[in-house]
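Values in this document were obtained by computation on a predicted structure and should not be read as measured data.
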Number of protein chains: 2
Amino acid sequence: MATYKTRAQFVADDLRGRILGGEFKGGTQLRQDALARDYDVSRIPVREALLTLESEGLVEFHAHRGAFTTELSVAKIRELFDLRVLLETYVLRHAMNGLTDANLKKAEDILLKYDEALNSGGDIDNWSEYNFAFHQALYAPADLPETLSLISQLNTKSDRYIRMQLVYTQEIEKAEREHHGLLELARQRDADKACELLKTHIQEACEGIVALLDERAKQAEAP
Amino acid sequence: MATYKTRAQFVADDLRGRILGGEFKGGTQLRQDALARDYDVSRIPVREALLTLESEGLVEFHAHRGAFTTELSVAKIRELFDLRVLLETYVLRHAMNGLTDANLKKAEDILLKYDEALNSGGDIDNWSEYNFAFHQALYAPADLPETLSLISQLNTKSDRYIRMQLVYTQEIEKAEREHHGLLELARQRDADKACELLKTHIQEACEGIVALLDERAKQAEAP
DNA sequence: TCACTGCAGTTTGTATACAGTATGCGAAAT
DNA sequence: ATTTCGCATACTGTATACAAACTGCAGTGA
């Protein structure tokens with residue numbers, strides 16, 4: 001299903017990628033007309049795409065002024081990551097019950113595939129997808145689709161900051177080590193330790209991002 | 001802000017009310033043309049309204065077949081209410097720290113106002129808003145806007161089932177008693193007991209809804 | 001100098017018009 | 001009798017066109 005894709009969906013998907021990729025910083029205005037020319041469509045599907053992105057929290061509409069990309073404050077970033085800790089440990093714990101070897105195999109496959117990509121080229125662009133796919137594979141056995149959907153939302157909102165951090169630091173290797181650790185603990189069915197590791201995994205990523213933002217703010221102040 | 005309201009927003013708000021009010025049961029198709037005539041607008045704002053409702057989980061789009069109202073399974077209802085327990089106890093605990101007398105006063109005002117409305121007429125239509133306003137007043141001191149937004153989402157999704165339950169049972173009085181209890185525990189700054197009460201408050205509402213759905217299913221089977 | 005008003009230009013929000021696709025029914029083939 | 005094909009119909013998804021609203025600037029008045 002969903003073998004067919006409307007133009008609005010195509011624009012939404014591509015534009016999401018561009019926003020998360022950092023092409024539009026700060027609260028820049030997104031002009032419908034310009035985007036329509038970019039994608040060679042009319043403004044209608046562009047508007048629909050922007051509405052979708054609004055519901056995802058990536059842009060905001062101002063009356064008669066159009067859509068602006070959102071900028072998260074440090075407080076909101078912290079809040080998002082705290083929510084991720086709460087929801088993802090909750091789901092992971094539930095997933096540990098019905099965890100089958102097939103589930104573990106799938107998660108491992110994703111992990112190894114990315115290890116390989118990392119060694120050969122180190123392409124960061126796809127990291128978010130790999131990262132998300134690995135986590136989802138671990139969480140899938142919980143069979144909590146609404147919860148996974150919320151987690152997906154939170155990840156989308158925080159994604160561009162995670163990418164920003166990855167570009168400037170060497171966090172990927174650390175994350176990969178932690179992913180392997182998570183998989184090992186899942187194999188042992190040790191829910192407590194796995195949740196603990198997941199918690200620090202998320203929290204440390206958050207601290208890294210906040211530190212980076214602070215540094216940037218200082219540089220901007222005194223160049 | 002938001003002093004101006006687009007037609008799309010108006011349609012979305014009204015249509016949300018109609019869906020939550022139970023006007024469209026099951027997975028009924030919502031025809032854009034008919035809705036456009038209903039509201040005396042073109043199909044464009046109707047489409048945008050439907051997209052908004054899709055992001056809220058109230059309708060689903062099928063390719064070239066338009067929007068259908070969603071129907072929640074018992075499993076998903078349970079999942080939603082479990083999430084509410086998780087997030088709302090989390091927020092309530094945080095709110096207990098910075099809780100001021102002004103906050104308590106505001107929550108009490110809402111509660112008393114509704115008690116009054118209940119005694120004089122007992123109008124159920126506004127109950128959802130009152131209920132939500134009371135909970136939000138208690139949660140506000142936590143200063144976690146993203147979290148409150150998620151909670152709001154969950155409430156919207158489960159709202160029509162709550163209403164359904166209220167029509168057929170005498171749950172409102174019970175809920176009101178629990179609200180008073182919650183407020184009292186908040187006054188005493190007893191976070192543990194307050195969270196415990198909130199948990200059962202939500203869980204029992206869930207069980208009531210599930211029981212009602214089961215009953216309906218049986219009636220439909222053997223009329 | 002500074003605040004306020006009015007006009008031009010730009011951009012959004014919506015109506016209308018058109019093209020494309022899914023569905024259902026009937027006829028033909030097995 | 002059952003299945004498959006084709007066509008008519010209805011509805012969606014999108015392009016084009018237009019009206020309303022916001023922004024910025026020039027000019028006036030204090």
Going by the rule side-chain hydrogen bond (donor to acceptor under 3.5 Å, both in side chains), which residues pair with [X] if we only count those two or more places apart in sequence or in a different chain?
| X | result |
| --- | --- |
| A:Gln203 | none |
| B:Lys113 | none |
| A:Asn103 | A:Thr100 |

Shortest non-hydrogen contact from A:Tyr90 toward B:Asp82: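 Smallest interatomic distance, heavy atoms only, reads OH-CB, 3.5 Å.
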Using atom [atom1] of [X] as one end and atom [atom2] of [N] as the other, report the distance to the nearest whole Å.
| X | N | atom1 | atom2 | result |
| --- | --- | --- | --- | --- |
| B:Tyr39 | C:dG13 | OH | C1' | 19 Å |
| B:Phe61 | D:dC11 | CZ | P | 16 Å |
| A:Glu48 | C:dT12 | CD | P | 16 Å |
| B:His62 | C:dA22 | NE2 | P | 14 Å |
| A:Leu35 | C:dG13 | CG | P | 13 Å |
| A:Leu50 | C:dG13 | CG | C1' | 13 Å |
| A:Leu51 | D:dT14 | CG | P | 13 Å |
| B:Phe10 | C:dG13 | CZ | C1' | 16 Å |

Just the atom pairs and distances: protein N or O near nucleotides 15-17 of chain D's N or O, under 3.5 Å.
| from | atom 1 | to | atom 2 | distance (Å) |
| --- | --- | --- | --- | --- |
| D:dA15 | OP1 | A:Arg7 | NH1 | 2.9 |
| D:dA15 | OP2 | A:Ser42 | N | 2.6 |
| D:dA15 | OP2 | A:Ser42 | OG | 2.6 |

Do B:Tyr39 side-chain atoms and B:Arg7 backbone N/O form a donor-acceptor pair below 3.5 Å?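 Not a single qualifying donor-acceptor pair exists.
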Nearest-0.5 Å distance, CD of residue B:Gln153 to OG of residue B:Ser55: 7.5 Å
Any side-chain heavy atom of B:Gln29 sitting closer than 4.5 Å to one from B:Thr69? no
Verify whether one side chain among B:Thr6 and B:Gln9 offers a donor that lies under 3.5 Å from an acceptor in the other.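 Yes, because at least one side-chain N or O of B:Thr6 sits under 3.5 Å from a partner of the opposite role on B:Gln9.
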Please report, to 0.1 Å, the donor-acceptor pairs under 3.5 Å made by any side chain of residues 136-144 of chain A, with sequence neighbours excluded.
| from | atom 1 | to | atom 2 | distance (Å) |
| --- | --- | --- | --- | --- |
| A:Tyr139 | OH | A:Glu88 | OE1 | 2.5 |
| A:Tyr139 | OH | A:His135 | ND1 | 3.0 |

Would you tabulate the nitrogen or oxygen pairs shorter than 3.5 Å linking the protein to nucleotides 7-11 of chain C?
| from | atom 1 | to | atom 2 | distance (Å) |
| --- | --- | --- | --- | --- |
| C:dT11 | OP1 | A:Arg31 | NE | 3.3 |

Remember a base hit wins even if backbone is also touched, and classify B:Leu30 as base, sugar-phosphate or nothing at under 4.0 Å, heavy atoms. sugar-phosphate
